[in-house]
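Reckoned from all heavy atoms, side chains included, excluding hydrogens, waters and symmetry mates. Ligands are counted one by one from 1 in listed order, and the atoms in each one are counted from 1 as well.
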Amino acid sequence: MRSFKCIAGILFLCIFTTSFKANADDSHHYEWIVSLSDRAPLGVNKQVIVINDQFPGPLLNATTNDVVNINIHNNLSDPFLMTWNGVQLRRNSWQDGVEGTNCPIQPGFNWTYSFQIKDQIGSFFYYPSLLLQKSAGGYGAIRVNNRDVIPIPDIDVLIGDWYNADYQDLRTSLDNGKSLPSPDGILINGLGPNQAVLDLEPGVTYRLRISNVGLKASLNFRIYGHILRLVETEGSYIVEQYLDSLDIHVGQSYSVLVTAKNTSGESYYMVASSRFTDTELFGVGIVRYPDSAGDPDGPLPLGPFFRDYQFSLDQARSMRWNLSAGAARPNPQGSYHYGSINVSRTLVLENGVMFDGNKEVFTINGVSFLQPDTPLKLADYFQISDVFKPGVISDRPNPDNPPVFGTSVIYANDQEFFHIVFQNPSEYLQSWHLDGYNFFVVGMDVGTWDESKNATYNMIDAVSRSTVQVVYPFSWTAILVKLDNRGMWNLRSQDAVNSYLGQQLYIRVEGTETDPSKVSARDEAPIPENAILCGRTVYHDYVL
Ligand SMILES: *[C@@H]1O[C@H](CO)[C@@H](O)[C@H](O)[C@H]1NC(C)=O
Ligand SMILES: *[C@@H]1O[C@H](CO)[C@@H](O)[C@H](O)[C@H]1NC(C)=O
Ligand SMILES: *[C@@H]1O[C@H](CO)[C@@H](O)[C@H](O)[C@H]1NC(C)=O
Ligand SMILES: *[C@@H]1O[C@H](CO)[C@@H](O)[C@H](O)[C@H]1NC(C)=O
Ligand SMILES: *[C@@H]1O[C@H](CO)[C@@H](O)[C@H](O)[C@H]1NC(C)=O
Ligand SMILES: *[C@@H]1O[C@H](CO)[C@@H](O)[C@H](O)[C@H]1NC(C)=O
Ligand SMILES: *[C@@H]1O[C@H](CO)[C@@H](O)[C@H](O)[C@H]1NC(C)=O
């Protein structure tokens, strides 16, 4: 209850109890106004979510260990939350901006997110997490710079599928049981064909921070005549690879180094093309050198055949963690030697579908996530029973149980070491994301997973990241994760439609203290002073 005393006027105590921020090296303050604006990236007018009138939204540019305060003013007619995809928010799921951790910012209101970006570097992005608002934009790039490394010039490249329909119409159509049509196109930095331009200086090496910010479509990115030197996956340095093109699945981020040619006067096409869609879609932009006149001379760069999943599988499996690179923390994930830690629990999570009347919804192990009236994190804090309970979702799929709606929360103890297998029996590629963590991607293959597959795992230098794909059909991906970050963490399909329609759950990572209000601030950040209350917390007996 400490934090409520601040509001009651004991300012000194308030400052004292929030002093976990005091060793931060720097702080940033942003005021963001979220509103709708008529834009037409593909030539068709649409209500786009802009931030301070920008689409994509402003860059969140920080250095590791900085404190970030972002005051978000909701000028939409819908409730709003922003989530920080890939930012680990250490011990602070209060700031995660998803429906299970925060009450939404109501229209006409504002709320200040406040978090420290601890011991992390890399390329990430933010996006609106509620109500399919992501299909209207509202996203932007996050860079977390390394304090000790002299930066090279950075360019953010946000690529994603795009629908011309307004997000409320797309949502209504999903709510009525219709599936989304094919996207209308692919945007690069919020722009349509030939509109996105990267200006390069001859001879200079750039770091392109590329994220797939779209709803569903996997994309392949490439630049004509330029090699992509892949160096980072969502905050880990990886063994460098020289690639002609890179597959980036929904929700994933990478850094690639691109060395500009030595000559001026030319321009080239860059492409983000869809993978595994009904027809191949192209987002096209231009890489331009000084004194170049007009359109690129060359053709579009060639990529893999758009239905070739083997390319995607091989490329993902070829990535290796660079054990000698200095990352933000010398010891990310709590151990370099993840291969020698004993697994405390194995979960096999299988994606599926279920029919609710005529409406198709999505499940994990037969449970389609039902958002309760009160955010889980708040219900936990105020110890309101009946909002959620353990055991709703089983550790393995059970084909004998009919699919149901339920509020899936997996209970875990701080420091447990989980082995999670994502099993994909469908004919669509899946992309999975865990908030609050990076995990090691130790195995990925076609077929059905069983225990014997663990003999094939990479137990030495698997990449560490927060979003991973499972190719199709009938494939699996295995991850290992050290649950050393207390809080209520969302595990979701990064396919915005699938997670909107139930394909998500929460992992509740706690210590032994059973009264959440007595947890030490070193173990977990206290409830924010400005926490918005909603659902059953509004009627709860506490003192403001
Ligand atoms: C981002 O922050 C870094 C580190 O402070 C700084 O060097 C760089 O110029 C900033 N970039 C932008 C675009 O603000
Ligand atoms: C959005 O901003 C406009 C102009 O400031 C204001 O008139 C309107 O009431 C705001 N709408 C909401 C929902 O906040
Ligand atoms: C809302 O914004 C005002 C400044 O515009 C700020 O003083 C206030 O703290 C904000 N409220 C919350 C809950 O963050
Ligand atoms: C690993 O990272 C270091 C430091 O960034 C770099 O010098 C080295 O080339 C990388 N090693 C490989 C094999 O990519
Ligand atoms: C640019 O010129 C330098 C020096 O001549 C050479 O080493 C380098 O390979 C050239 N780079 C490209 C991309 O052609
Ligand atoms: C892992 O389990 C084995 C067998 O139970 C045990 O001998 C070993 O000490 C454990 N290792 C660690 C690091 O706990
Ligand atoms: C792999 O399987 C063996 C035998 O079942 C087990 O001892 C080991 O813990 C497993 N490793 C992982 C990473 O699950």
- Item | Distance, nearest 0.5 Å, that separates CZ of Arg209 from CG of Asp156 | 7.0 Å
- Verdict with reasoning, Asp523 to Lys518, per salt bridge (charged side-chain N to carboxylate O under 4.0 Å, His left out): CA-CA 10 Å; Asp523 290 331; Lys518 296 207 177 84; over 6 Å; no
- Any donor-acceptor N or O pair under 3.5 Å, side chains Gln106, Asn74: no
- Task: Assert yes or no for the condition that the ring centre distance of Trp162 to Tyr139 is strictly below 6.0 Å.
- Result: no
- Taking the side chain as every heavy atom from C-beta outward, state whether Trp111 and His73 have any atom pair closer than 4.5 Å. no
- Flag the pair His337 / Trp321 as yes when their ring centroid distance falls below 6.0 Å, and as no otherwise. no
- Message: Just to be sure I read this right, does ligand 1 sit under 4.0 Å from the backbone of Thr63, its side chain, both, or neither, counting only heavy atoms?
- Response: side chain
- Item | Output field: ring centroids Tyr113/Phe115 closer than 6.0 Å | no
- Task: Output yes when the distance from some N or O of ligand 6 to some N or O of Asn342 is under 3.5 Å, and no in every other case.
- Result: yes
One line per pair, note the atom names and distance for all nitrogen or oxygen contacts under 3.5 Å between ligand 3 and the protein.
unit_1   : atom_1 : unit_2 : atom_2 : d
ligand 3 : 2 (O)  : Asn71  : ND2    : 3.0
ligand 3 : 2 (O)  : Asn110 : OD1    : 3.4
ligand 3 : 2 (O)  : Asn110 : ND2    : 2.3
ligand 3 : 11 (N) : Asn110 : ND2    : 3.0
ligand 3 : 14 (O) : Thr112 : N      : 2.9
ligand 3 : 14 (O) : Thr112 : OG1    : 2.7

